[in-house]
Amino acid sequence: ETGVTQTPRHLVMGMTNKKSLKCEQHLGHNAMYWYKQSAKKPLELMFVYSLEERVENNSVPSRFSPECPNSSHLFLHLHTLQPEDSALYLCASSQDPAANTEAFFGQGTRLTVV
Amino acid sequence: DAKTTQPNSMESNEEEPVHLPCNHSTISGTDYIHWYRQLPSQGPEYVIHGLTSNVNNRMASLAIAEDRKSSTLILHRATLRDAAVYYCILRDWRGNEKLTFGTGTRLTIIP
């Protein structure tokens, strides 16, 4: 238990569906992150939020839409995904964006697009 | 973020020490060295980090070369639970929020 909770753990969705991934932390952290981990590829940083402001968007397609309503919650809204978007989506948080702080990861949502 | 180089895989016997190397020859003076590991079917887990001096915690030790161009993560007594992919990552302390993962080293523990 890392203190970062992701729901759902598994999700199967069609290409025309709309779904959302949820991440929650009650560690008092100010920075939150979304990562994508495809099979046999390194983790890819998607989005970074610091103090509820998006500070990083790594050329992610618009079919992925993040939302950070407060410092404890982070969402990833999904619509019209492609099969190649199937992956493990990981959320993380850290106390602040400084490099000498550790990040805590959730267990991820395993997404399958059919 | 500066690049790191790690072996793709390593094996070690259970209950023996493990030394996981990482080369970061282009490290800058403002880069911290972080290590994370990812157990099967889980998200990455923080292990240890350091700047210049060697560091110890309950999980591992981090030995940093004097010129900082390489470092070694030391697991003092490997258990089966330590089988994971280990990532060596550089992070600039100047407020860069990125935590960028490479391919890491897949550690196999032999019973």
In this structure, are over 12 heavy atoms from other groups packed under 6.0 Å from Asn70(A) atom CG?
yes
Counting only heavy atoms closer than 4.5 Å, note whether Gln6(A) contacts chain B via side chain, backbone, both or neither.
neither
Minimum heavy-atom separation for Pro42(A) and Gly102(B), please, with both atom names.
CB-O, 3.3 Å
Do side-chain atoms of Tyr36(B) reach the backbone of Ala103(A) as a donor and acceptor pair under 3.5 angstrom?
yes
Indicate if Val60(A) and Leu43(A) have the same hydrophobic cluster label, given that clusters are the connected sets of ILVMFWY residues with side-chain heavy-atom separations under 4.5 angstrom.
no
Tell me whether Val85(B) is reachable from Phe101(B) by hopping between hydrophobic residues (I, L, V, M, F, W, Y) whose side-chain heavy atoms are closer than 4.5 Å.
yes
Hphob cluster co-occupancy, Leu21(A) + Val12(A), side-chain heavy atoms under 4.5 angstrom:
no
Enclosure of Arg68(B) CZ (heavy-atom neighbours >12, cutoff 6.0 Å):
yes
Residue by residue, scan residues 39-46 of chain B and write down, ordered by number, those that have a heavy-atom distance under 4.5 Å to chain A; if none do, write 'none'.
Ser41(B), Gln42(B), Gly43(B), Pro44(B), Tyr46(B)
Okay, Leu90(A) and chain B: the region with an atom under 4.5 Å from a heavy atom over there is side chain
Do Val55(B) and Leu73(B) belong together in a cluster built from hydrophobic side chains that touch within less than 4.5 Å?
yes
Among the clusters formed by ILVMFWY side chains lying less than 4.5 Å apart, do Tyr89(A) and Leu11(A) turn up in the same one?
yes
Taking atom CD of Glu66(B) as the centre, does the number of heavy atoms from other residues, nucleotides or ligands within less than 6.0 Å exceed 12?
no
